[in-house]
Each structure stands twice: as C-alpha cells, then as structure tokens.
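Below is one structure, written out as structure tokens; the observations come after it.
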Amino acid sequence: AQSVTQLDSHVSVSEGTPVLLRCNYSSSYSPSLFWYVQHPNKGLQLLLKYTSAATLVKGINGFEAEFKKSETSFHLTKPSAHMSDAAEYFCVVTPPGGTYKYIFGTGTRLKVLA
Amino acid sequence: GAVVSQHPSWVICKSGTSVKIECRSLDFQATTMFWYRQFPKQSLMLMATSNEGSKATYEQGVEKDKFLINHASLTLSTLTVTSAHPEDSSFYICSARTRPRTGGRQPQHFGDGTRLSIL
C-alpha cells in the first residue's frame, strides 16, 4: 500500500533563511511524487514533480526536491525563504496503475518570520 | 498552460437548495477530473473521480445521490450538491488531468476551490 508522511505539521523560518519541508513515502513500486502549495482559500499549485527521471527536481519559485530511494524521502527545500512562501504545502504520491489517484500527506504549514 | 477554472468561488445559500459547481479545463482536454472536499486545517479528501462520457466513481462513504457529478465534455465537469444542509458546508476543489502522451504521470491541475456555506 502507498502512503506518504509529512513529518512536520508546522515549520517556522526567518525570511532569507533556508526552508526544509520533510516528506517520506511508502511504496511497493517506483512512485510518482509531487509537491503542491496552497495559499488560504485557494486551490493547489504544482511546485514540482518526480516521475523517475532525474532524482533532483527543480520547481517553480526556487523550490527543489531530491528523490532518495534508499531513504524513501522526497524533501522540499529552498535556499532563501520569502514572505510570500508562507502557505500550506502538500506532498503527494501516486501509486502505479490506471486510476492515478493522489495520496496526500497531511500538510505542512510554513510560517515565514520577518 | 494547464489552467483549471472553478466557479463559483463563494456561494451562500439556504438549507434545502441545490448548488452546482463548475470545473473547466481552459487550455487542455481533461480525460479525468477529480472532486475533493477539504475541511479546515486538513488535507484534501477525494470524493469522486470522473472520466469524460462515463459515470463517476465515488469513494467509500460519499453519497452518490447527494453529490451528483457530470463530466459531459473533455473540458467541463460539474458537481451538484443536492438538498444542501449545513453539514455540507465546506471547501470543494476540483482537479483535472490529461492522458500522458509519453511515459510518466501527468500531474493533476487544481481549480481555486469553492467555499460553500449553507445557512
């Protein structure tokens, strides 16, 4: 069975400092993994995706994530946080097969301090 | 590219009325659309999956007669909350994806959601 765990429900960083949002997955097969961001009262915006190509994935707004099979992790990072990065972040895994249903993590709320 | 438009963004209505929410893929053909419900400070809960031209597949515990889903074209899906009651108040989000032309998974693209409040 597929599952995804976001290890931190809340993360606070100061503006200009690095961001690390952690995600671990459980999958019997090679998964597809995604990171999405959700601002208040908005839908989800795709930040980046991993689909078995390069293990280091670069996304929008300076975010990137590294797929580490040995650690079953897909952590999201950004070198320098901006105030506009404050939002809810979801790690998502898609199991193999035809339905392509998403399995969501519980989310990490990122707070950026001035 | 890959823009999904959801309408309306907010709706307030009286208990007992039916509410229709539209989800449109503006610049791509959506072979599959998904409807989610999100409670405050929680993750998204999948309600149903709809493929163009066929009946929607509902998740366990979701009432088919309460939440009617229609996916009549490759760019439009609708969710109708029938005889809505206060417990149906929530944030509803749709997403759409297309069939991949090459290997790999196409991501889902999300609408901006609809805040439904039933008085």
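So you know, we letter chains A, B, ... as the sequences are listed, proteins then strands, and number each from 1.
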Cluster check A:Leu110, A:Leu76: I/L/V/M/F/W/Y, side chain < 4.5 angstrom: yes
A:Lys58 NZ: over 12 foreign heavy atoms closer than 6.0 Å: no
Single-linkage hydrophobic cluster, 4.5 Å side-chain cutoff, A:Leu56 and A:Leu33 together: no
Flag if over 12 foreign heavy atoms under 6.0 Å of NE2, B:His7: no
From CG (A:Leu44) to CG (B:Asp112), nearest 0.5 Å: 10.0 Å
Cluster link B:Met33 to B:Val4, ILVMFWY, side chain under 4.5 Å: no
B:Ile12 atom CD1: more than 12 heavy-atom contacts under 6.0 Å: no
Proximity breakdown for B:Gln42 and chain A, heavy-atom pairs closer than 4.5 Å: backbone
Region of B:Leu44 that comes under 4.5 Å of a non-hydrogen atom in chain A: both
In one Ile/Leu/Val/Met/Phe/Trp/Tyr side-chain cluster, 4.5 Å: A:Leu47, A:Phe90: no
CD on B:Gln38 to CD on A:Glu88, rounded to 0.5 Å: 8.0 Å
Approximate separation, where rounding is to 0.5 Å, of A:Lys42 NZ and B:Ile93 CD1: 11.5 Å
Closest non-hydrogen atom pair between A:Gln38 and B:Phe91, with its separation: NE2-CE2, 3.9 Å
Close aromatic pair by centroid cut-off 6.0 Å: A:Tyr102 and B:Tyr36: no
Euclidean distance, B:Ser43 OG relative to A:Ile103 CD1, rounded to 0.5 Å: 11.5 Å
Under 4.5 Å from a heavy atom of chain B, the part of A:Tyr36 involved: side chain
Atom pair CD (B:Gln108) and OG1 (A:Thr94), whose distance is rounded to the nearest 0.5 Å: 7.0 Å
Segment of A:Leu46 engaging chain B (4.5 angstrom heavy-atom cut-off): side chain
Verify same cluster id: B:Ile21, B:Met47 (apolar side-chain graph, 4.5 Å): yes
